[in-house]
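All ligand and atom numbering here is 1-based and tracks the order in the structure.
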Amino acid sequence: MTDQKKPDQATTSEKPWGGRFSEPTDAFVERFTASVGFDQRLYHHDIIGSIAHATMLAEVGVLTVDERDSIIDGLNGVKTDIEAGRFEWSISLEDVHMNIEAQLTKRIGITGKKLHTGRSRNDQVATDIRLYLRDEIDVIAEELRRLQAGLLDLAEREADTIMPGFTHLQTAQPVTFGHHLLAWYEMLVRDGERLQDCRKRVNVMPLGAAALAGTTYPIDRAMTARLLGFDRASENSLDSVSDRDFAIEFCSFAALLMTHMSRFSEELVLWASAQFDFIDLPDRFCTGSSIMPQKKNPDVPELVRGKTGRVNGHLISLLTLMKSQPLAYNKDNQEDKEPLFDTVDTIKGCLKAYADMVPAICAKADNMRVAAKRGFSTATDLADYLVKKGMPFRDAHEVVGKAVAFGVAEKRDLSDMTLEELKRFSDTISEDVFDVLTLEGSVQARDHLGGTAPAQVRAAVGRARKLLEADSLKLAPLSFFCVSSGA
Ligand code: ARG
């Protein structure tokens, strides 16, 4: 035992938890367990959380006013260093929390070591992520609204433009392009509602749970929560440090949003092809081919469609991360950050690209119209016409089926047949049939709430704009606790 290596005092004591250890951390394990490479993005929220904690500790008499002021000054200094790129992040200090605390102590001396009184990294990190996510949610909500507003403008512009509506990707009935765009809008409305619902559960403060059981200091959790703009403090300390539901809910919102954006992308890609040729995407959102000079590729929609995979994957990562964890905090939780951060970055990027691109989509109305005339898109209108003249719907369906079969053989649309030809299938058909066989007649006839008639599209845009504006007022970013020294 005599030749046992003496512990490296310098290295073990550098760790905030070094006291119990007799040898330094293995160099690989240090890198393996560190999160500072990715959690440093929480620095701002870590610092405002610490300032609120110190403010509360002084209020309840655990810190003196001088200690509080010195801590707040020091933290503001650390923040300035980080933002100026002067901060040296250290792997051996593991994470953002210990890096900042060590730097604070370097700046202000022994008082820095008092900041961690009555808290643990377990409630600290849970608080940081919630503060971070709350801010990102507000940014994402704004970007989502920008995309929604762009869709509304485009839908209004294209309220009269007629295109084929599809089921099974087969021509079904004519619709207006504005109406089709409003379907995308509705999906985004639901996404926005889910995001705000998720925010409610994000905005709950875990701080005060400490490691897992609470703390023996006379803390005032309601005060800290108020200072940080949380709606309330969490109820149960064990749940507070172990709960990551809010991150899963956010990723679930994001996965559904991306699923919608991906479906939208799929249509844009199809429509931009030479075979459909329904739209033109502005050159600035496309790229070319290094070998085929004619190519203009819809890269932005393709990438958005592609990025859906990673966002859906992050949701599964988080669900799987949590599924077997016993209470309360486990180091597993450190794995929550990268999927969450990447989800935030990815959806912000996709929303920005779409909010910029959608208003610049150019509809090729003539091509849409030609396509809408192909495939007997007004066949249902002819059946409805016969029903209104007294024929049972099933019989009308049969009559129109025969007329369509004739049209297929003759390569002619129903509207291009003569009255005599149509009368061969039913003599209840008269001259007024041509009003319903035209594309305009067909869309205009669907004139009810939720229908495709141009007037309904305009009315829907009007209602949606009002709701969207009311929403942006309601959701204006919170003004909460401001970091200032010597508060
Ligand atoms: N870096 C850790 C995380 O992201 C912080 C909490 C560590 N707590 C602990 N008891 N080791 O979860």
Between Lys331 and ligand 1, is there a nitrogen or oxygen pair with a distance under 3.5 Å?
-> no
What class does the angle between the rings of Trp271 and Phe177 fall in, given that below 30° is parallel, 30 to 60° is tilted and above 60° is perpendicular?
-> perpendicular
Provide, to 0.1 Å, the distance between atom 11 (N) of ligand 1 and the closest protein heavy atom, together with that atom's residue and name.
-> Arg121 NH2, 3.4 Å
Look at atom CZ of Arg146 and say whether more than 12 heavy atoms of other residues, nucleotides or ligands are closer to it than 6.0 Å.
-> yes
Looking only at protein heavy atoms, identify the closest one to atom 8 (N) of ligand 1 and say how far it is in Å.
-> Asn122 OD1, 2.9 Å
So, Phe87 versus Tyr43, ring centres under 6.0 angstrom or not?
-> no
Taking Ser234 for its side chain and Met205 for its backbone only, find out whether a donor-acceptor pair lies under 3.5 Å.
-> yes
Using distance alone, with no hydrogens and no angle criterion, decide if Ser70 and Thr111 have a side-chain donor and acceptor under 3.5 Å apart.
-> no
Stepwise salt bridge (charged side-chain N to carboxylate O under 4.0 Å, His left out) check, Lys364 with Glu158 | CA-CA 10 Å; Lys364 295 183 168 175; Glu158 304 297 342; over 6 Å; no
Starting from atom 4 (O) of ligand 1, which protein heavy atom do you reach first, and at what distance in Å?
-> Lys337 NZ, 2.5 Å
Under the salt bridge (charged side-chain N to carboxylate O under 4.0 Å, His left out) rule, what do Asp342 and Lys307 come out as? Steps first, then yes or no, please.
-> CA-CA 11 Å; Asp342 189 64; Lys307 283 177 188 291; over 6 Å; no
Check whether any heavy atom of Gln124 sits under 4.0 Å from an atom of ligand 1.
-> no
Residue, atom and distance of the protein heavy atom nearest atom 3 (C) of ligand 1 read Tyr329 OH, 3.2 Å
Sub-4.0 Å atoms of ligand 1 with respect to non-hydrogen atoms of Ser35 = 1 (N)
Counting both backbone and side chain atoms, is some N or O of Asp95 under 3.5 Å from an N or O of ligand 1?
-> yes
Please report which non-hydrogen protein atom sits nearest to atom 1 (N) of ligand 1, along with the residue it belongs to and the distance in Å to one decimal place.
-> Gln334 OE1, 2.8 Å
